[in-house]
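The structure appears right after this line, and notes come after that.
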Amino acid sequence: MTAQILDGRKIASEIREDLAKKIDIIPGENMPVLAVVLVGENDASKVYVRNKKKAALEVGIGCEVIELNDTIGENALLEIIHELNDNPHVNGVIVQLPLPKHINPLKILSAINPEKDVDGFNPYNAGLLACKEPEAIVSATPKGILKLLQVANIDLVGKHAVIIGRSNIVGRPTAMLLLNNDCTVTIAHSKTTNLSELVKEADIVVAACGCAKLVKKDWIKKGAVVIDVGINRIDGKLCGDVDFDEVCEVASFVTPVPGGVGPMTVAMLLENTYEAACRQREHQHNHKCCCGHCKH
Ligand code: NAD
């Protein structure tokens, strides 16, 4: 068997084209705006932020990058988040992770207005997702993974999905999203003792552990779908958490690295920003407040 490649780059580019068309018909001054907060000098973070900004501008989403010194204190950073929350021209607010050690990321992410939380990292949105509430803003990587599976017409109902990794930004929300789509979900992590046997039982494997080429051919059930989230480097060359060449021999579908989940993540961030902007406009339009402070 030779696996079909799930071409994230192509699917993401189609999603971005669709978004650009939708945004094109919005009057100029109402274009969606994404604010990206970047703290410190992490090179990888700078590249990610540059790519997000470029992708946003290409589809017609405004993007403001707020670059801050890594000596900034937690309170000063919270103040900036509050200003962005209150700024009516900003529709989406994200904070590029990781943050410097002296800043508690949960405190910062919790301060983002859930309506503008287009990364879906605020525990409020994570909670809505866990409760299968449709208004949850779902974080971009899990949303991109689901989209890849849907575009490939992969039936999820009753399928056993094994997620390798339990982080708040990938593993957990992916598990919730697949559970909400009727998969039977197992979450594995660094303390899991029988990882290869567990993975061997999976119809769908999502590898999100940051261990280069950990998942081998003999871990994969014949015909399983393998989604590789990992971004690692071996001798400077990008690779995922899956031994791609080997696994292609047994899986039915595989995502490549690069060109799989990564581009989908960016496309879903843009989609989340566009959808947040639409929802915010709708709320403003329908807002008939009795608080006495609003101008509606
Ligand atoms: P993380 O370090 O926060 O979490 C890694 C998880 O993997 C942890 O839960 C840990 O328990 C588990 N783990 C580590 N070693 C393991 C092992 N040997 N066996 C089983 N589980 C193990 O990382 P993260 O932020 O969740 O990201 C995971 C990977 O995905 C990284 O390579 C990251 O760069 C990549 N990533 C890619 C995208 C994308 O858009 N493609 C987005 C986010 C993260």
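Scope of the values below: all heavy atoms of this structure, side chains included, with no hydrogens, waters or symmetry mates. Positions are given from 1, in the same order as the sequence printed here. The shown structure was predicted, so the numbers you read here are calculated from the model rather than taken from an experiment. First listed ligand is number 1; within each ligand, the first listed atom is number 1.
Counting protein heavy atoms only, atom 19 (N) of ligand 1 is closest to L195 CD2, 3.6 Å. Closest to atom 15 (N) of ligand 1 among all protein heavy atoms lies C211 SG, 3.4 Å. Of all protein heavy atoms, the one lying nearest to atom 4 (O) of ligand 1 is S167 CB, 3.7 Å. Protein heavy atom nearest atom 41 (N) of ligand 1, with residue, atom name and distance: V229 O, 3.3 Å.
One option in N232, I187, T141, I169 has a heavy atom closer to atom 42 (C) of ligand 1 than any other, and that option is T141. Considering I164, V170, I145 only, the shortest heavy-atom separation from atom 43 (C) of ligand 1 involves V170. Taking all heavy atoms of V266, L269, T265 into account, the minimum distance to atom 40 (O) of ligand 1 is reached by T265.
Residue I231 has at least one N or O atom closer than 3.5 Å to an N or O atom of ligand 1. For ligand 1, none of its N or O atoms has an N or O atom of D241 under 3.5 Å away.
Tested against E275, the residues K22, K143, R281 include a single salt bridge (charged side-chain N to carboxylate O under 4.0 Å, His left out) partner, K143.
Residues K46 and E41 are paired through a salt bridge, judged by an N-O separation under 4.0 Å between the basic side chain and the carboxylate. Between E246 and K216 there is no salt bridge, since no side-chain N of the basic residue sits under 4.0 Å from a carboxylate O of the acidic one. A salt bridge links K147 and E271; the closest N-O separation between the charged side-chain nitrogens and carboxylate oxygens is under 4.0 Å. No salt bridge links E17 with K21; every basic N to acidic carboxylate O contact stays at or beyond 4.0 Å.
For atom 2 (O) of ligand 1, the nearest protein heavy atom lies 4.0 Å away or farther.
Note on L84: it clusters hydrophobically with I108, by side-chain heavy-atom contacts below 4.5 Å among ILVMFWY residues.
Contact analysis puts G262 in contact with ligand 1, with a non-hydrogen atom separation below 4.0 angstrom.
Smallest separation of non-hydrogen atoms from I137 and P114: CD1-O, 3.4 Å.
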